[in-house]
Amino acid sequence: MEVDLSEEIEAKGGIWALEQKIDQPMDEEAGRLKNMYREKKFSVILLLRLAFQSLGVVYGDLGTSPLYVFYNTFPKGIDDAEDVIGALSLIIYSLTLVPLIKYVFIVCRANDNGQGGTFALYSLLCRHAKVNTIPNQHRTDEDLTTYSRSTIHKQSFAAKTKRWLEAHAFKKNALLLIVLVGTCMVIGDGILTPAISVIILLGLFSLQHYGPDKVGWLFAPIVLLWFLLIGGIGIFNICKHDRGVLRAFSPVYIFHYFRRRGKSGWTSLGGIMLSITGTEALFADLAHFPVSAIQLAFTVIVFPCLLLAYCGQAAYLMKNKEHVYDAFYRSIPDTIYWPMFVVATLAAIVASQATISATFSIIKQANALGCFPRVKVVHTSKKFLGQIYVPDINWILMVLCIVVTVGFKNQSQIGNAYGTAVVVVMLVTTFLMILIMLLVWRCHWILVSIFTALSLVVECTYFSAVLFKINQGGWVPLVIAGVFLLIMYIWHYGTVKRYEFEMHSKISMAWILGLGPSLGLVRVPGVGLVYTELASGVPHIFSHLITNLPAVHSVVVFVCVKYLPVYMVPEDERFLVKRIGPKNFHMFRIVARYGYKDLLKKDDEFEKKLFDNLFLFIRLESMMEGCSDSDEYSLYGSNQQTSRSMNDFRSLENDTFSSEIDLIVAENEGSGKGSGSTEVDEAEFLMSCRAAGVVHIMGNTVVTARRGSRFYKKISIDYIYAFMRKICREHSVIFNVPHETLLNVGQVFYV
């Protein structure tokens, strides 16, 4: 007989569903073994497929570095052939220590359930220490299955580090600022692409709306062919020109290189560093591909082919020092020159893809954590949940990229700018990794010290070299990062201040109870969904509303949508529901929780899910004594009994409210429980109020600088923040609220 088998393979970076129909044998043991074999078989095939696709998205930038590394290392020409050996040795050990050891095998393991980049590291830290600058955490958040937080022994070094971080607000703000700097530098990488024509750039950015999945399939064959060709040409040049370049694998030639060249050798590190550009995008692009696929592609294809390519170029330059300005093209055999020229041009186009994809992922994470204005995020693949496209950012990147490409005088200046951005991102990653190793991994301090020493020796050396080239193009990424840093910091500052305003001006429960069940007003039929930043307490917007209006809806639900420092929140754990006040007040609070990877899509039916969970809460409340007036939320799945009740009831979610109520009535009549009548009455009341109409009430808070504020604060709040608030996506658009059911309540807040 045939059955449907739907296997979900979760591979730390996304969830891939693989559906296959197989014959189910009568022998259960044989069937189990057959299923295991097929699952393993398809897992391997899927891994190879994703590793192949990652070539077109992740490694384009790193793979095209051989086009310009030697030119930027020796911009004034090669004086001594031995300098080529020293430069090659530096390239070999840079590729080995940074992309291979540090990123592929250490940093990539610090992913947040497959999510990479500086914000993913920051999210991990926020879960293991109270360093989040927006204090909207609740203890129930830690019960999420994706929270992944372990206890820390009070006397351990990790506990001491945790207390040190949590001690002062200054340290929390400093940590966030470091994260923002690293993020902005990655965005700068997305702009500082190789100098290719404007027309080609227009075509590249126009393809982004198809998403990394389709773009990966388009670009992956090009990049794979590129790596195989540069590796093959490298072998050809080594055999033809000088096999002696292989002695560069001895690090002693690095010492000889610096002793011979002195300061000029030190400043040439800015060119050497271009051999590892694109490494930071490798980590940020983990949202699109699993770690195992990234590691497989790098160790099997990327790393060996790059080593062969650089060794081949070095072998050619040993005999042709005067050709350093175009060593790559000069070293190509004449018979394949033009085909290789075409592939090189296509590879240069693909080089931008890694940083563009990384920028989209980082913007989404920054947006969710309150560090970037709300922008439209498009989910481009049904199979790969991490693959997204951000239209507004895409076109901004395109314009800036064209301006940079046209504005720079030569390729060397772009290389200097690129190197500055890359080294800053690496330093930020090193700092965050130190905290991750201490707080999350609980590594021994000796291991942490070794990692720190090796990382800082390499990166600080490169950083000191790029400082010499600030005036030769290195200032560009600093300016770009400065602009994005200003935007992010001002937006985050305004977000924090708005939350603090909500907290300080919230209404006391005593005031609400003093108004009585009618709240001192006429309760008109209908449901009012009052959106608020608060996860606890009654917001000031509600008092502002009932003070200026003579009536309020029969049912009032305070809705708080908040993002947590987790990559995603499972759908059955998304909503928390509690009752506010006695039952006859008909007031509730619903907290909808999202991770930075979760997407709010138009077809999510947010309003329907709110009512489904509210009705479910009413059902469960009658089964749990003492829950109605509790200060705690009803967290579904907190115990086995509640979990079973929830699972039994969820099968009814697609039915109408009337059929649900009929079922409840039948159960109560059959069991003879009188307590069910109250539940049915409230369910019918809620259903009738929903039928009468639902109004979405949202606060339109205007943030203004106080009189007497300094001029920079007035500019930041009254102009920059106000402008961003005006152009960012409204919550009503995000939640797909019909315009006719929307009520905006305005209020002014001074900071």
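Treat the numbers as computed from the prediction; the structure is a model and nothing was measured. Throughout, numbering of the chain's residues begins at 1 and tracks the sequence.
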Do Arg498 and Arg725 have side-chain heavy atoms sitting under 4.5 Å apart?
yes
Closest non-hydrogen atoms of Ile717 and Ala705, given as atom of the first, atom of the second and distance, are CG2-N, 3.7 Å
If you look at every heavy atom in Asn613 and Val577, which pair is closest and at what distance?
O-CG2, 4.0 Å
Does Val702 form a side-chain contact (heavy atoms from CB on, under 4.5 Å) with Thr704? I'd like the steps, not just the answer.
CA-CA 6 Å; Val702 178; Thr704 306; 3.8 Å; yes
Kindly indicate, with the supporting measurements, whether the criterion side-chain contact (heavy atoms from CB on, under 4.5 Å) is fulfilled by Leu165 and Leu439.
CA-CA 11 Å; Leu165 273 178; Leu439 288 175; 3.8 Å; yes
What I'd like to find out is whether the side chain of Leu743 reaches to under 4.5 Å of the side chain of Leu545, using heavy atoms alone.
yes
Yes or no on salt bridge (Lys or Arg N to Asp or Glu O under 4.0 Å) for Lys506 and Glu502, after CA distance, side-chain angles and deciding distance?
CA-CA 6 Å; Lys506 66 181 181 181; Glu502 292 264 16; over 6 Å; no
Roughly how far, to the nearest 0.5 Å, is the CE atom of Met503 from the CG atom of Leu534?
6.5 Å
Roughly how far apart are Leu485 CG and Ile187 CD1, rounded to 0.5 Å?
10.0 Å
Give me the atom names and distance for the closest heavy-atom approach of Cys371 to Leu176.
SG-CD1, 3.9 Å
If every non-hydrogen atom of Gly526 is compared with every non-hydrogen atom of Ala692, which pair is closest and at what distance?
N-CB, 3.9 Å
When rounded to the nearest 0.5 angstrom, what is the spacing between CE in Met587 and CZ in Phe558?
4.0 Å
Val703 and Tyr721: CA distance, side-chain angles, deciding distance, side-chain contact (heavy atoms from CB on, under 4.5 Å) verdict:
CA-CA 8 Å; Val703 182; Tyr721 181 76; 3.9 Å; yes
How far apart are the C-alpha atoms of Lys609 and Glu571, what are their side-chain angles, what is the distance that settles it, and do they pass the salt bridge (Lys or Arg N to Asp or Glu O under 4.0 Å) test?
CA-CA 10 Å; Lys609 291 180 180 179; Glu571 192 64 37; 3.2 Å; yes
Would you call Val566 and Ser123 a side-chain contact if the rule is heavy atoms closer than 4.5 Å?
no
How about NZ on Lys171, more than 12 heavy atoms from neighbouring residues, nucleotides or ligands closer than 6.0 Å, or not?
yes
More than 12 foreign heavy atoms under 6.0 Å from OH of Tyr489: is that the case here?
no
Shortest non-hydrogen contact between Asn367 and Arg374, atoms and distance
OD1-CA, 3.6 Å
Tell me, with the steps shown, if Val591 and Phe575 meet side-chain contact (heavy atoms from CB on, under 4.5 Å).
CA-CA 6 Å; Val591 178; Phe575 294 95; over 6 Å; no
Donor + acceptor pair across side chains of Asp112, Tyr596 (<3.5 Å):
yes
Going by the angle between their ring planes, with limits at 30° and 60°, are His696 and Tyr531 parallel, tilted or perpendicular?
parallel
Any side-chain heavy atom of Leu686 within less than 4.5 Å of one from Val555?
yes
Heavy-atom nearest pair, Trp491 first then Gly370, reads CD1-O, 3.7 Å
Between the side chains of Arg579 and Glu682, is the shortest nitrogen-to-carboxylate-oxygen separation below 4.0 Å, so that they form an ion pair?
yes
With His586 via ring pair (Phe, Tyr, Trp, His ring centres under 6.0 Å) - residues at least two apart:
Phe685
Should the pair Arg690 and Phe611 be classed as cation-pi, given the thresholds of under 6.0 Å to the six-membered ring centre and 45° from the axis?
yes
Any non-hydrogen side-chain atom of Leu180 less than 4.5 Å from a side-chain atom of Thr118?
no
